[in-house]
Number of protein chains: 2
Amino acid sequence: MGQIEDLRLLVVIVDCGSISKAAAQLRIAKSAVSRRLGLLEDRFGTVLINRQPGMWRITDTGKELYQRAVGVVGDVDEITADFAQTSQTIEGPLSISVPQEFGIVFLRRFLIEFSLRHKNIQLQIEFDNRPVNLARENYDFAIRVTLQMENDTNAKHIGETRHRLYASKSYLDENTAPTSAQELKNHPLLNYGGAKRAEWEFLDDKGKPVIVAFKPVMSSNSGVYLADAARSGLGIVRLPDFVGQPACARGDLIEVLPDLKQAPLKIYLIHSEKRRLNRRMRIFAEEMTVECSNQTGVQNRW
Amino acid sequence: MGQIEDLRLLVVIVDCGSISKAAAQLRIAKSAVSRRLGLLEDRFGTVLINRQPGMWRITDTGKELYQRAVGVVGDVDEITADFAQTSQTIEGPLSISVPQEFGIVFLRRFLIEFSLRHKNIQLQIEFDNRPVNLARENYDFAIRVTLQMENDTNAKHIGETRHRLYASKSYLDENTAPTSAQELKNHPLLNYGGAKRAEWEFLDDKGKPVIVAFKPVMSSNSGVYLADAARSGLGIVRLPDFVGQPACARGDLIEVLPDLKQAPLKIYLIHSEKRRLNRRMRIFAEEMTVECSNQTGVQNRW
DNA sequence: CCTTACCGTTCGAATAAGGAGAACCTGTTG
DNA sequence: CAACAGGTTCTCCTTATTCGAACGGTAAGG
């Protein structure tokens with residue numbers, strides 16, 4: 001029989017202080033318990049438990065083995081609990097840090113549906129615009145939307161999105177639309193972020209980066225607000241798809257220079273390296289991955 | 001099959017990157033490997049490895065499980081290595097801190113014979129008179145001889161010895177031997193230790209402690225030296241059995257007040273709690289225990 | 001002193017688990 | 001297109017493991 005099962009047997013016997021009781025607890029015949037303990041002792045070539053009638057005493061070696069066995073058996077049980085689907089439903093707390101706009105626009109539906117699917121999960125969603133420190137603050141997961149992530153084993157690339165340029169119809173009626181990245185400088189530009197000077201990076205036909213540096217007429221760390229501003233005709237704005245596309249669909253904004261290539265924004269699901277994935281975390285990660293694949297078309301060929 | 005064996009299977013498969021290779025390495029039919037992996041996936045209700053022909057990719061869940069499995073499988077292997085008698089001979093370094101005189105007198109023979117029995121053990125014996133810090137200095141074991149040990153799970157009571165009073169024949173010829181503990185004060189006393197004032201504790205008939213405080217005419221942290229001093233007729237010395245008995249047997253010293261009761265000295269074998277017992281440490285501890293039982297008569301009824 | 005209760009071991013019979021090997025499917029390669 | 005490599009599935013078979021009953025021993029209690 002398996003090594004772990006033998007160790008577990010020893011643990012139960014020691015805990016029960018008797019072979020009979022151990023057999024009762026394990027719901028197997030005591031003969032089996034006796035025999036397996038004997039086999040274990042044979043394998044280790046030592047007496048683990050001294051059990052002459054009337055004297056029941058664990059050997060020093062037995063004690064030592066017991067100590068170690070308890071640890072490793074506990075580990076295995078933990079793994080089993082985290083991976084086996086003993087109960088179909090998952091439960092417990094789950095805390096996630098999500099970038100404000102991405103979360104609200106892109107994930108709102110998913111998070112609500114996830115919550116409905118798993119009613120016993122207490123989902124705590126923190127909307128943050130600054131990257132949170134996963135190790136210090138106690139989040140299970142965080143989502144990052146950046147150009148490129150430093151190689152992190154705890155980061156999973158779950159999707160992509162991209163920036164596009166938008167302006168309102170009224171603006172485009174009153175101004176001649178730009179025909180190249182360079183011409184953008186002649187337009188009032190709205191920038192996501194707080195810097196006084198900003199840079200937008202595009203890719204030319206050969207994939208080389210073209211950088212447009214400018215002073216934004218308006219800055220904000222809210223893409224939705226910028227979209228609204230652009231809708232009022234303030235100028236041209238660069239927005240990630242999950243903000244721009246809905247506005248575009250509503251007719252609020254019109255895409256400018258749609259053929260201009262831009263490096264994709266990558267979406268990562270990250271989790272603290274210290275924290276091990278339990279079942280509910282795994283399921284969240286899985287469903288999240290599927291959701292993002294569906295929405296962004298990133299094939300996760302498993 | 002056992003849980004650990006399944007986890008080990010997963011580890012091997014992942015390491016090999018293929019079911020066929022894993023089967024080859026494990027020297028079992030690949031059908032068995034395939035079946036067991038399938039069973040494992042069933043049990044966990046997840047796909048661990050996606051293995052359509054031409055596409056072999058470990059699932060995220062699989063990766064996570066693999067990480068954990070590696071750890072616990074390693075633990076089990078370590079336990080097996082430390083306990084199973086794969087090879088009858090033990091080998092490797094073994095370092096012990098022993099009190100000077102106890103070690104030399106009481107253990108010399110045992111340590112030499114142990115070394116002869118296990119020729120592949122590099123036995124390093126440090127004779128110390130001060131208790132060493134097991135955690136800081138890197139000893140496998142240390143031996144302590146004290147009246148009473150604070151309750152330490154890492155301390156094993158392996159034997160007992162006791163103090164006795166001795167004097168030389170010449171001294172007893174020239175002086176009247178004491179007839180009670182109190183009368184000791186009228187004699188020159190030799191004390192083990194460095195203090196200017198010393199106390200010896202005895203037990204009266206009812207087991208109550210009787211304390212004799214005195215200024216020793218000679219102090220030393222070497223019992224053998226004190227024995228030699230007493231042999232020259234300096235006075236009465238209190239020595240543990242392992243120093244006094246040989247001297248007595250040689251006729252160098254004669255026991256004084258043999259009926260006076262004294263609290264037994266307990267002999268402990270201790271090891272660092274941080275360090276786990278491996279096979280050679282366990283065997284040393286066992287043989288040491290047996291040796292001490294034989295010499296001191298402390299029954300270790302297992 | 002004998003009885004009852006409890007414990008652990010041993011034995012043969014019943015059973016369940018794991019492995020072998022062939023047939024099969026499916027992409028890949030030359 | 002054929003050979004090949006990798007994985008799956010099926011049946012058969014060997015083995016390990018369990019069960020239950022019988023046995024021997026100790027301890028407590030009338």
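In what follows, every chain begins at residue 1, and chains take the letters A, B, ... in the order their sequences are listed.
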[N], OP1 or OP2 - any side-chain N/O from [X] closer than 4.0 Å?
{"X": "A:R35", "N": "D:dC19", "answer": "no"}
{"X": "A:W56", "N": "D:dT26", "answer": "no"}
{"X": "A:S34", "N": "C:dG8", "answer": "no"}
{"X": "B:S18", "N": "D:dG7", "answer": "yes"}

Rounded to whole angstroms, how far apart are [atom1] on [X] and [atom2] on [N]?
{"X": "B:L26", "N": "C:dA20", "atom1": "CG", "atom2": "P", "answer": "10 Å"}
{"X": "A:N50", "N": "C:dT9", "atom1": "CG", "atom2": "P", "answer": "11 Å"}
{"X": "A:K30", "N": "D:dA21", "atom1": "NZ", "atom2": "P", "answer": "12 Å"}
{"X": "A:D6", "N": "D:dA16", "atom1": "CG", "atom2": "P", "answer": "14 Å"}
{"X": "B:Q52", "N": "C:dT28", "atom1": "CD", "atom2": "C1'", "answer": "15 Å"}
{"X": "A:R51", "N": "D:dT26", "atom1": "CZ", "atom2": "P", "answer": "16 Å"}
{"X": "B:L9", "N": "C:dG19", "atom1": "CG", "atom2": "P", "answer": "9 Å"}
{"X": "A:I19", "N": "D:dC19", "atom1": "CD1", "atom2": "P", "answer": "14 Å"}

Heavy-atom check, side chain of A:L123 versus side chain of A:I96, under 4.5 Å: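 In contact.
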
Side chain of A:S20 - closest among D:dG6, C:dG8, D:dG20: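 So the nucleotide nearest the side chain must be C:dG8.
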
Look at the side chain of B:S31 against the base of C:dG21 and say whether a donor-acceptor pair falls under 3.5 Å; ignore hydrogens and angles. yes

Can you tell me how the ring of B:F284 sits relative to the ring of B:F114, calling it parallel under 30°, perpendicular over 60° and tilted otherwise? perpendicular

Can you tell me how the ring of B:F141 sits relative to the ring of B:H271, calling it parallel under 30°, perpendicular over 60° and tilted otherwise? perpendicular

When rounded to the nearest 0.5 angstrom, what distance separates CG in B:L7 from CG in A:D75?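 The CG atom of A:D75 is 11.0 Å from CG of B:L7, to the nearest 0.5 Å.
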
B:V290, B:T289, B:I283 screened by side chain to side chain contact (heavy atoms under 4.5 Å, CB included) with B:E287, the one that passes: B:I283

